[in-house]
Each structure stands twice: as structure tokens, then as C-alpha cells.
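This report refers to the structure that appears directly beneath it.
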Amino acid sequence: MIRQAQADADVRGPSDREVVAQLRRLASARAHLLQAEQAQHRAEAAGPCDQVRNAEIEDAHSSVLWARAEVLTASRPGRAARAERALERASQDERRVLKRHGYHAFAAYLADRTMASPTAVALELAAREFAAAQAEWDAIGADPVVDLDAADRRSDPSAGAPPEARVVRDARGATVVIDLTGDNPRRIA
């Protein structure tokens with residue numbers, strides 16, 4: 001029993017609660033990442049509708065820009081009046097197209113188009129949380145903290161019998177606990 005207490009004092013690792021908490025966090029982060037990816041794929045599938053909308057609004061706005069340029073460059077009074085009427089028609093067409101797509105002004109459409117989509121933001125946040133959870137999980141699998149003074153006492157022949165268990169790493173780098181009690185050492189975990 002004393003040997004077991006020494007082994008417990010020498011090698012400290014995460015408690016069962018910590019392991020379970022990290023597994024829960026990792027599972028939750030993975031579920032959120034999968035949901036965000038599915039939402040992003042659904043949003044990308046709706047892309048062709050957005051392309052048609054964008055083309056219509058951009059065409060209407062470019063007509064307004066050209067009409068405005070004609071007003072600015074019109075040198076004769078008759079030409080200026082025609083350019084003004086063309087600008088008014090182009091502006092009305094643009095307002096009609098914007099209203100059909102749910103915008104009150106071109107600036108609102110532009111703000112909506114250049115804003116990051118909520119699904120993209122959710123996907124980025126979910127990916128960050130999953131990476132953080134994965135990193136913490138990987139850190140739990142790292143070598144446990146070893147009390148070097150206790151290790152020195154164990155190596156001292158006068159300190160007593162050898163430890164009952166040893167923590168080592170296998171060829172894949174995974175942590176392995178080997179039971180040293182009895183005649184045949186065996187893998188415990």
C-alpha cells in the first residue's frame with residue numbers, strides 16, 4: 001500500500017473528471033463544427049440565387065452610374081435634358097430592382113453583400129473552438145508531471161523496493177502504463 005501511495009505521489013496526471021470534462025468539450029466542439037459546416041454548405045447551395053440577384057442589382061446600378069456620367073459630361077442644353085431624364089429612369093429602375101430584392105438603397109445592398117455571412121462566422125468560431133478543444137485534449141495525453149525528487153529516491157537502493165508501475169511511451173508516442181508487480185510486467189493502460 002505504501003508503494004502505491006509513493007507511485008501516486010510520483011506521477012501526477014489528469015483526474016478522471018478532467019478527462020471526462022475534456023472529452024465532453026471536444027465532443028461538443030466537434031458537434032458545433034459539424035453543424036456549422038452543414039449550415040455553410042446549405043448557404044453555399046443557395047449561391048446561384050444570390051448570383052442572379054447580384055447581377056440584376058449591379059446592372060441597374062451601373063446604368064445609374066453611366067447616366068450620371070452623361071449628365072456630368074453633357075455640353076449642350078438639349079443633351080443635358082435627355083441625360084437628366086435617362087438618369088431619372090435609371091434611378092427608378094434601380095430602386096425597383098433593389099425593392100424587389102428587399103433593399104431600400106444600393107448602400108444597404110452593398111453593406112449586406114460585403115458583410116461576412118453569419119454561417120461563415122459561425123463556421124470560423126466553431127473551427128477555432130474545436131482546434132482549442134483538440135489542443136487541450138492533446139495536452140492531456142502528454143507525459144504526466146514526474147516528481148524528480150521521488151524518482152531519485154526510487155533509484156536509490158536504500159529507498160526501498162522498485163515502483164509498482166511505470167509510465168512510458170510506445171512507438172506511436174502514446175502514453176502506456178506498465179504494471180511492474182509480479183514476475184511478468186504487463187500493460188495496464
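Both backbone and side-chain heavy atoms feed into the values below; hydrogens, waters and symmetry mates do not.
- Under a hydrophobic-cluster definition in which Ile, Leu, Val, Met, Phe, Trp and Tyr are linked whenever side-chain heavy atoms come within less than 4.5 Å, directly or via other members, Val64 and Leu110 are assigned to different clusters.
- Summarising the geometry, atom CD belonging to Gln51 is positioned 8.0 Å from atom CG belonging to Asn54; distances are rounded to the nearest 0.5 Å.
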Identify every side-chain donor-acceptor pair in residues 80-88 under 3.5 Å, counting partners at least two apart or on other chains, and give the distances.
residue, atom, partner, partner atom, Å
Glu88, OE2, Gln92, NE2, 3.4

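- Smallest separation of non-hydrogen atoms from Ala133 and Gln22: O-OE1, 4.3 Å.
- Within 6.0 Å of CZ in Arg24 there are 12 or fewer heavy atoms belonging to other residues, nucleotides or ligands.
- Atom NE2 of His101 and atom CG of Asp112 lie 12.5 Å apart (nearest 0.5 Å).
- Interatomic distance, Leu98 CG to Arg53 CZ, rounded to the nearest 0.5 Å: 10.5 Å.
- Note that the CG atom of Asp93 and the CD atom of Glu56 stand 12.0 Å from one another [nearest 0.5 Å].
- Remark: Tyr109 engages Tyr103, Phe106 in a ring-ring contact (aromatic ring centres under 6.0 Å, His included) (not counting sequence neighbours).
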Donor-acceptor contacts, no H, no angles, side chain residues 26-38, under 3.5 Å, sequence neighbours left out:
residue, atom, partner, partner atom, Å
His32, ND1, Ser28, O, 3.0

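- In this structure, OG in Ser91 is found 10.0 Å from NE2 in His61, a value given to the nearest 0.5 Å.
- A salt bridge does not link Arg79 to Glu70: none of the charged nitrogens lies less than 4.0 Å from a carboxylate oxygen.
- Taking CZ of Arg25 as the reference point, atom CD of Gln134 lies at 11.0 Å (rounded to 0.5 Å).
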